[in-house]
Amino acid sequence: MTFFQRVWQSTAKIPQGRVTTYGDIARSIGTRDARRVGHALHANRNNQVPCHRVVFGDGSLAPGYAFGGPRVQKNKLLSEGVSFKSDGKVDLSQFFFHLGDFEQSKDIPD
DNA sequence: TTCCTGACTTTAC
DNA sequence: AGTAAAGCCAGGA
């Protein structure tokens with residue numbers, strides 16, 4: 001189980017219609033480095049991980065490295081019921097999903 | 001192995 | 001409110 005795997009597991013736990021931030025994922029797996037979280041998703045952007053449910057701390061989407069374009073990411077979120085504010089950011093006050101505090105490998109299979 | 005980089009976040013000016 | 005710099009730590013060359 002690599003660090004990336006843990007990131008993907010946490011990301012996969014995000015339900016539809018909800019989003020979370022890189023920083024929250026980072027803390028949920030016991031680190032503070034949000035950049036590695038984003039890096040993990042980047043390394044896996046062609047896989048089945050719902051990276052579109054992961055947004056910046058301010059609710060904005062990835063600038064241009066998204067799995068097919070930020071346009072697609074926004075479209076996916078809208079399809080799941082996530083609404084955007086007038087500034088083009090996700091309303092974290094409604095759709096933010098807290099993964100939990102460092103649950104480590106609780107529900108992560110070996 | 002060392003050095004550089006990176007889908008980020010937070011504090012300070 | 002907007003811009004700049006620091007912090008974090010593993011992957012890739």
Side-chain angles (χ1 to χ4, degrees):
Chain A
M1 174 66 72
T2 66
F3 209 98
F4 282 20
Q5 298 288 352
R6 280 186 252 184
V7 173
W8 300 331
Q9 282 290 341
S10 294
T11 304
K13 283 157 49 182
I14 307 170
Q16 284 194 351
R18 294 295 179 277
V19 296
T20 194
T21 68
Y22 295 94
D24 193 70
I25 293 174
R27 292 193 170 93
S28 75
I29 58 181
T31 185
R32 299 182 187 182
D33 195 359
R35 297 200 302 197
R36 280 171 48 218
V37 176
H39 212 160
L41 267 55
H42 184 196
N44 199 66
R45 70 183 188 281
N46 289 325
N47 217 323
Q48 305 300 81
V49 178
C51 31
H52 58 274
R53 293 182 194 152
V54 185
V55 300
F56 277 38
D58 66 339
S60 54
L61 307 180
Y65 287 93
F67 42 91
R71 182 190 66 78
V72 180
Q73 184 171 5
K74 183 174 181 179
N75 182 33
K76 284 176 173 296
L77 291 174
L78 289 173
S79 297
E80 295 186 352
V82 179
S83 63
F84 283 72
K85 306 199 310 188
S86 54
D87 51 10
K89 297 176 183 177
V90 176
D91 191 344
L92 292 178
S93 62
Q94 289 184 74
F95 303 107
F96 180 71
F97 177 73
H98 191 221
L99 289 164
D101 295 302
F102 190 19
E103 41 189 285
Q104 203 165 9
S105 312
K106 189 178 65 174
D107 63 331
I108 301 177
D110 182 62

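Note that this is a predicted model, so its numbers are computed, not measured. Chain naming here is simple, since letters A, B, ... match the order of the sequence lines and numbering starts at 1 in each.
- Ranked by how close their nearest DNA chain C nucleotide is to the 5' end, A:A43 and A:T31 are led by A:T31.
- Nucleotides of DNA chain C with any atom under 4.0 Å from a heavy atom of chain A span, from 5' to 3', C:dG7 to C:dG11.
- Applying the ring pair (Phe, Tyr, Trp, His ring centres under 6.0 Å) test to A:F4 and every residue at least two apart in sequence or in another chain returns A:W8.
- With sequence neighbours left out, the side chain to side chain contact (heavy atoms under 4.5 Å, CB included) criterion links A:R18 to A:I14, A:P15, A:F95, A:F97.
- A cation-pi contact, defined as under 6.0 Å to the ring centre and within 45° of the axis, is absent between A:K89 and A:F84.
- For the atom pair OG (A:S28) and NZ (A:K13), the distance works out to 6.0 Å, reported to the nearest 0.5 Å.
- A:H42 has its NE2 atom 6 Å from the P atom of B:dA7, to the nearest Å.
- Applying the side-chain hydrogen bond (donor to acceptor under 3.5 Å, both in side chains) test to A:S60 and every residue at least two apart in sequence or in another chain returns A:D58.
- Closest-nucleotide positions on DNA chain C for A:R35 and A:F4 were compared, and the one nearer the 5' end corresponds to A:R35.
- For the pair A:T21 and A:D24, the minimum side-chain heavy-atom distance is below 4.5 Å.
- Residue A:H98 holds its NE2 atom at 11.0 Å from CD1 of A:I25, rounded to the nearest 0.5 Å.
- Looking at residues two or more places apart in sequence or on another chain, you find a ring pair (Phe, Tyr, Trp, His ring centres under 6.0 Å) between A:F56 and A:Y22.
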Just the table, please: protein N/O against nucleotides 9-13 of chain B N/O, every pair under 3.5 Å.
| unit_1 | atom_1 | unit_2 | atom_2 | d |
| --- | --- | --- | --- | --- |
| B:dT9 | OP1 | A:G57 | N | 2.7 |
| B:dT9 | OP2 | A:G57 | N | 3.1 |

